[in-house]
Amino acid sequence: LAGSQAALVEAAGSDTILFAFDSYGLDEKARQTLGAQAEWLGRNPGVRVTIEGHTDERGTREYNLALGERRANAAKNFLAAQGVGTERMSIISYGAERPAVDGSNEEAWALNRRAVTLVVSGGR
């Protein structure tokens with residue numbers, strides 16, 4: 001379990017942060033979650049992560065891919081500012097291509113505007 005996705009979620013409370021519409025700014029809840037992820041990553045120095053950026057379905061594909069990249073970078077930059085080495089993190093944007101939930105309403109859109117920290121290789 002050490003160095004696993006489940007261990008990250010258990011320690012940080014979540015592997016996902018959410019964003020406001022058309023935004024890549026980190027709110028207080030996102031900063032708290034990322035802070036807990038950074039602490040966990042500090043205790044697990046062998047772990048590498050990929051941060052996925054996602055958007056809701058509104059907007060063009062190009063716009064959403066760019067916004068998803070900005071969201072992933074916002075999370076990466078916050079983690080780096082907390083001392084997580086940038087060589088341990090990569091980003092990818094999926095735009096609206098991989099929704100967390102289906103639906104074309106505000107509840108679904110709110111859950112799809114996110115960045116997800118995924119463990120890609122474990123520690124010891």
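Quick caveat, the model's predicted, so the values are computed rather than measured. Counting from 1, the numbers follow the sequence of the chain as shown.
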*Show which residues join Val116 in its hydrophobic cluster (side-chain heavy-atom contacts under 4.5 Å, direct or indirect), or state none.*
Leu118
Using residues 75-84 as the side-chain source, report each donor-acceptor pair under 3.5 Å to any protein atom, sequence neighbours left out, with the distance given to one decimal.
residue, atom, partner, partner atom, Å
Asn77, ND2, Asn73, O, 3.2

_Set of salt bridge (charged side-chain N to carboxylate O under 4.0 Å, His left out) partners for Glu62, sequence neighbours left out_ = none
_Listing request: all salt bridge (charged side-chain N to carboxylate O under 4.0 Å, His left out) pairs with a residue in residues 4-32, at least two apart in sequence or in separate chains._
Glu28-Arg31
*asked:* Through direct or indirect side-chain contacts below 4.5 angstrom among Ile, Leu, Val, Met, Phe, Trp and Tyr, which residues connect to Leu111?
replied: Leu18, Val101
*Which residues satisfy the side-chain hydrogen bond (donor to acceptor under 3.5 Å, both in side chains) test with Thr117, sequence neighbours excluded?*
Gln37
*Mind checking the CD-CD1 spacing from Glu52 to Ile91? Nearest 0.5 Å is all I need.*
11.5 Å
*side chain to side chain contact (heavy atoms under 4.5 Å, CB included) partners for Ser90, two or more places apart*: Thr50
_I'd like to know if the side chain of Arg70 and the backbone of Gly25 have a donor-acceptor N/O pair within less than 3.5 Å._
no
*Could you list all the ring pair (Phe, Tyr, Trp, His ring centres under 6.0 Å) pairs where at least one residue sits in residues 3-34, not counting sequence neighbours?*
none
*Looking only at heavy atoms, what is the nearest atom pair of Ile51 and Ala72, with distance?*
O-CB, 3.6 Å
*Can you measure from OG (Ser93) to CG (Leu67) and round to the nearest 0.5 angstrom?*
7.5 Å
*What side chain to side chain donor-acceptor pair (under 3.5 Å) pairs are there with at least one residue in residues 95-113, not counting sequence neighbours?*
Asp56-Arg113, Glu57-Ser104, Glu57-Trp109, Arg61-Glu97, Tyr94-Arg98, Glu106-Arg113
_Heavy-atom pair with the smallest gap, counting every atom of Ala7 and Ala2_ = CB-CA, 4.4 Å
*Going from CZ on Arg71 to OG1 on Thr55, what distance comes out if it is rounded to the nearest 0.5 angstrom?*
6.5 Å
